[in-house]
Amino acid sequence: MATSGFKHLVVVKFKEDAKVDEILKGLENLVAQIDTVKSFEWGEDKESHDMLRQGFTHAFSMNFENKDAYVSFTSHPLHVEFSAAFTAAIDKIVLLDFTVAAVKSPVEAAT
């Protein structure tokens, strides 16, 4: 099993009064401005049963070349600034940062 970069995975439940659309636009703008982010994906859960979801509604995934690139991202002034607004909008959060163990890459799946 090969390693394939470093992943920052965030699952959140926003506060009732959060301006989610503004947060999403801000996040998309943030990752567009910071080169160490290799890819960014997000989604809103509308399929899971409420009991399984435990109130969480959105997931965000960022991929980096390695842990050093991730550390560079987290200390970037734009990330530091955005994090304050993001944190203020969150009711619950699960955050996982890990080296990716690639079992089947997207390229292999497409062929």
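Count residues from 1 along the sequence.
The shortest distance between side-chain heavy atoms of D45 and H58 does not fall below 4.5 Å. Within the 4.5 Å cutoff, the side chain of V12 has heavy atoms near those of the F60 side chain. Side-chain contact between W42 and E28 is present, with at least one heavy-atom pair separated by less than 4.5 Å.
Among all heavy-atom pairs drawn from D97 and L95, the shortest one is OD2-CD2, 3.1 Å. The nearest pair of heavy atoms linking I23 to A89 is CD1-CB, 4.0 Å. The nearest pair of heavy atoms linking E65 to K38 is OE1-CD, 3.3 Å.
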Item to check | F40/L27 under side chain to side chain contact (heavy atoms under 4.5 Å, CB included): CA gap, chis, key distance, verdict | outcome: CA-CA 9 Å; F40 171 66; L27 207 59; 3.4 Å; yes

Checklist entry - Are I93 and V11 close enough, and set up right, to give a side chain to side chain contact (heavy atoms under 4.5 Å, CB included), and what steps lead you there? => result CA-CA 6 Å; I93 187 168; V11 181; over 6 Å; no

Checklist entry - Between K7 and S61, is a side chain to side chain donor-acceptor pair (under 3.5 Å) present by the stated rule, with each step listed? => result CA-CA 7 Å; K7 186 176 290 277; S61 174; 3.1 Å; yes

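Cluster membership check: L9 does not share its hydrophobic cluster with L30, using side-chain heavy-atom separations under 4.5 Å among Ile, Leu, Val, Met, Phe, Trp and Tyr. A single hydrophobic cluster is seen to contain both V37 and V10, as judged by linkage of ILVMFWY side chains at heavy-atom distances under 4.5 Å, directly or through other members.
For F6 and F64, the ring centers sit 6.0 Å or farther from each other.
The environment of E47 atom CD is sparse: at most 12 non-hydrogen atoms of other residues, nucleotides or ligands sit within 6.0 angstrom. By the 6.0 Å contact criterion, NZ on K15 is enclosed, its count of non-hydrogen atoms from other residues, nucleotides or ligands being greater than 12. In K92, the NZ atom is crowded: over 12 heavy atoms of neighbouring residues, nucleotides or ligands sit closer than 6.0 Å.
A tilted orientation is assigned to the rings of Y70 and H8, their planes being inclined by 30° to 60°.
Here E22 pairs with nothing under the side-chain hydrogen bond (donor to acceptor under 3.5 Å, both in side chains) rule; sequence neighbours left out.
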Below 3.5 Å, can you tabulate the donor-acceptor pairs from side chains in residues 73-86 to any protein atom, sequence neighbours excluded?
residue	atom	partner	partner atom	Å
T74	OG1	V71	O	2.9
S75	OG	V71	O	3.1
S75	OG	S72	O	3.2
H76	ND1	L78	N	3.0
H79	ND1	T74	O	3.1
H79	NE2	S83	OG	3.3
S83	OG	H79	O	2.9

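Distance CD1/I34 to CE/M62: 8.0 Å, rounded to 0.5 Å. For the atom pair L24 CG and N29 CG, the distance stands at 12.5 Å (nearest 0.5 Å).
Checked for salt-bridge contact, D91 and K13 meet the test: a charged N lies under 4.0 Å from a carboxylate O.
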